[in-house]
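Below you'll find the structure, written out as structure tokens, and then a few comments.
Only heavy atoms go into these numbers, but all of them, side chains included; no hydrogens, no water, no symmetry mates. This is a predicted model, so every value here is computed, not measured.
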Amino acid sequence: MKMTRLLDAQGLEISHEGHRTRLKWHRLRKRFADPLFSADVMAEGFAAGASMELDMRVRADGGFVVLHDRKLDGETTGHGPIAEKSLGDLGDIRMKEGDRPLILSEDLAAMMQSTHPAALLQFDMKDDYEAIGARGIAHLAAHFRDIAASVIVSAGSLDLIVAVKEKLPHLLRGIDPTDKLYDISKASGWKAVEMELRADLSGPTEPDTIYLHWPLILEAANGGLDMIALCQDEGKRVDAWTFTLKDPEAGFSDEEWRNFQALMALKPDQVTTDEAPATERAWDRRMAS
């Protein structure tokens with residue numbers, strides 16, 4: 001029991017009515033106050049067995065760098081499109097936050113040689129297959145063939161996920177049809193959303209996890225469509241993104257609590273958050289009262 005409480009304090013999961021929902025650390029942040037894409041936080045997560053997400057941008061040489069934006073200018077001291085930079089161009093560039101070196105795909109592979117067996121790292125690929133190409137897939141295959149932690153590759157590009165399936169079958173795969181499903185719901189209603197989601201679940205990507213915006217999940221449920229149950233009935237996991245407390249010290253506002261309770265009642269497998277420990281503490285406080 002003591003070990004369970006120790007892990008619970010680390011923002012790893014919430015248990016509710018016999019169902020465990022993992023709390024995924026968004027952009028490698030255990031707390032919103034953490035610096036974006038921190039190697040220190042990632043190491044902590046690897047040791048604890050956390051589920052974590054990072055964004056990947058392809059470089060000119062086919063390797064990757066852990067950044068969200070298309071250009072270096074926003075998050076780093078560098079300038080210009082990342083896709084035009086090779087490994088040698090990035091050595092002196094630092095993250096604006098904390099003057100830290102960039103995390104490269106080569107660094108990730110080295111860090112993942114020794115991790116907690118429950119650790120899960122999501123590579124959210126921000127470029128499409130046209131940009132990444134066979135060379136980028138070959139780089140992933142070369143560097144992430146023999147790693148201790150579980151990796152799931154997610155992307156909006158279905159062509160990219162199919163390529164990952166073919167070249168790296170040992171990696172998990174995730175798709176995010178959120179934008180498309182929002183458009184379909186507005187144009188044609190929830191029955192059409194259900195048909196499209198079913199097609200995605202049985203499609204060529206053969207996804208392990210479906211990433212869905214949490215307000216879409218609740219909106220669909222109010223319209224009579226349980227998207228989480230639909231996915232789980234097909235053997236897929238669902239990640240509901242991104243639920244972050246506005247005031248982590250105070251916990252849930254009444255509106256946040258209504259929404260989070262409704263979401264947890266649908267039993268997602270994972271919730272993405274920038275405030276994992278605070279969310280868990282706030283949940284425990286509300287349930288205790």
Within the 3.5 Å criterion, strictly below it, is a donor on [X] or [Y] matched to an acceptor on the partner's side chain?
X	Y	result
E234	S202	no
S38	D40	no
T272	D239	yes
D274	W25	no
T273	H26	no

Tell me whether [X] contacts the main-chain N or O of [Y] through its side chain, where contact means a donor paired with an acceptor under 3.5 Å.
X	Y	result
R173	S154	no
D269	V238	yes
D55	L67	no

State the [atom1]-[atom2] distance between [X] and [Y], to the nearest 0.5 angstrom.
X	Y	atom1	atom2	answer
K165	I137	NZ	CD1	13.0 Å
K30	Q10	NZ	CD	5.5 Å
R57	E75	CZ	CD	9.0 Å
K96	R94	NZ	CZ	15.0 Å
M264	N259	CE	CG	13.5 Å
S51	L12	OG	CG	9.5 Å

[X] [atom1]: over 12 foreign heavy atoms closer than 6.0 Å:
X	atom1	value
K267	NZ	yes
D233	CG	yes
K246	NZ	no
M195	CE	no
F32	CZ	no

Quiz item: Is the gap between the ring centers of W241 and H213 under 6.0 Å?
Solution: yes
Quiz item: Are F123 and F144 close enough that their ring centers fall under 6.0 Å?
Solution: yes
Are any non-hydrogen side-chain atoms of [X] and [Y] less than 4.5 angstrom apart?
X	Y	result
W190	E194	no
L201	L230	yes
K24	M52	no
R27	E53	yes
M227	L181	yes
I228	P268	yes
M42	L108	yes
D200	E196	yes

Exercise. Would you please test I82 and R70 for side chain to side chain contact (heavy atoms under 4.5 Å, CB included) and show each step?
Key: CA-CA 6 Å; I82 297 164; R70 188 178 65 85; over 6 Å; no
Search all heavy atoms of [X] against all heavy atoms of [Y] and return the closest pair with its distance.
X	Y	value
R100	L36	NH2-O, 2.9 Å
P248	R281	O-NH2, 4.5 Å
S157	Y129	OG-N, 3.4 Å
R29	D34	CD-O, 3.0 Å

Quiz item: Parallel, tilted or perpendicular: which describes the rings of F252 and F260, with under 30° parallel and over 60° perpendicular?
Solution: tilted
Quiz item: So F243 and W214, would you call those rings parallel, tilted or perpendicular, with 30° and 60° as cut-offs?
Solution: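 Answer is tilted, since the angle falls between 30° and 60°.
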Quiz item: Taking it one step at a time, do D61 and R59 satisfy salt bridge (Lys or Arg N to Asp or Glu O under 4.0 Å)?
Solution: CA-CA 5 Å; D61 53 21; R59 309 185 312 238; 3.0 Å; yes
Quiz item: Hey, are E13 and R22 close enough for a salt bridge, meaning a charged N less than 4.0 Å from a carboxylate O?
Solution: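 Salt bridge flag = no for R22 with E13.
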